[in-house]
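Report on the following structure.
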Amino acid sequence: MAKAKARLRTKLMFQYDTRTKDTDGFETSDWTDKGERFCAVEPLQGREYWDAHAVLGSKPLRVRTHYDATIADVEPDRWRMLQGATVYDIQSLVNEDMGNRWLSFLCTTGTGVLD
């Protein structure tokens with residue numbers, strides 16, 4: 001048990017996308033903080049590829065944290081995690097063993113650099 005606690009050393013802010021429409025009918029995104037949690041961030045693999053003369057990097061990773069009812073209802077397309085200037089886009093959420101003890105998120109973070 002002590003080993004699992006030691007791995008939860010990265011503090012991430014969970015944010016929810018609250019979209020609003022302006023007077024012209026365009027949607028604007030506004031991120032609302034839902035809370036900070038200590039998480040374990042584990043990179044899965046790194047890959048880089050060329051697309052239309054741009055180097056695009058995608059870094060998939062797994063984020064694991066203790067179960068919390070506030071973040072257990074995450075919708076992947078409306079939530080994200082933030083650590084400083086790094087944004088983790090949530091791809092999926094898994095309640096491990098359906099025991100409400102651990103939550104695992106598959107996330108990506110990446111960059112696109114034009115030449």
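Small disclaimer: the values here were computed from a predicted structure and weren't measured.
Scored by the side-chain hydrogen bond (donor to acceptor under 3.5 Å, both in side chains) test, R62 finds E42 as partners (sequence neighbours excluded). Scored by the side-chain contact (heavy atoms from CB on, under 4.5 Å) test, L93 finds V74, L103, F105 as partners (sequence neighbours excluded). Taking the side-chain hydrogen bond (donor to acceptor under 3.5 Å, both in side chains) definition, one finds that D33 meets it with Q15, sequence neighbours left out. With sequence neighbours excluded, no residue forms a salt bridge (charged side-chain N to carboxylate O under 4.0 Å, His left out) with K34. In terms of the ring-ring contact (aromatic ring centres under 6.0 Å, His included) criterion, F38 has no residue partners (sequence neighbours excluded). Checked against side-chain hydrogen bond (donor to acceptor under 3.5 Å, both in side chains), N100 has the following partners two or more places apart in sequence or in another chain: N95. Here R80 pairs with nothing under the salt bridge (charged side-chain N to carboxylate O under 4.0 Å, His left out) rule; sequence neighbours left out. Here S104 pairs with E96 under the side-chain hydrogen bond (donor to acceptor under 3.5 Å, both in side chains) rule; sequence neighbours left out.
Between the SG atom of C39 and the NZ atom of K11 there is a distance of 11.0 Å, given to the nearest 0.5 Å. Taking OH of Y67 as the reference point, atom CH2 of W102 lies at 14.5 Å (rounded to 0.5 Å). In this structure, M81 CE and T86 OG1 are separated by 12.5 Å, a value rounded to the nearest 0.5 Å. Here the CZ atom belonging to R78 is positioned 14.0 Å from the CG atom belonging to D73, to the nearest 0.5 angstrom.
Under the 4.5 Å side-chain criterion, counting only non-hydrogen atoms from C-beta, T70 is in contact with R37. Using a 4.5 Å heavy-atom cutoff, the side chains of I71 and T65 are in contact. Side-chain contact check for L106 versus L44: some heavy-atom pair is nearer than 4.5 Å.
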Throw together a table of side-chain donor-acceptor distances under 3.5 angstrom for residues 19-26, partners on residues two or more places apart or in other chains.
from	atom 1	to	atom 2	distance (Å)
R19	NE	D17	OD2	2.7
R19	NH2	D17	OD2	3.0
T20	OG1	T28	OG1	3.1
D22	OD1	D24	N	3.2
D22	OD1	G25	N	3.1
D22	OD1	F26	N	2.9

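The shortest heavy-atom contact between L8 and A40 is CD2-N, 3.5 Å. Closest heavy-atom contact between S92 and P76: CA-CG, 4.2 Å.
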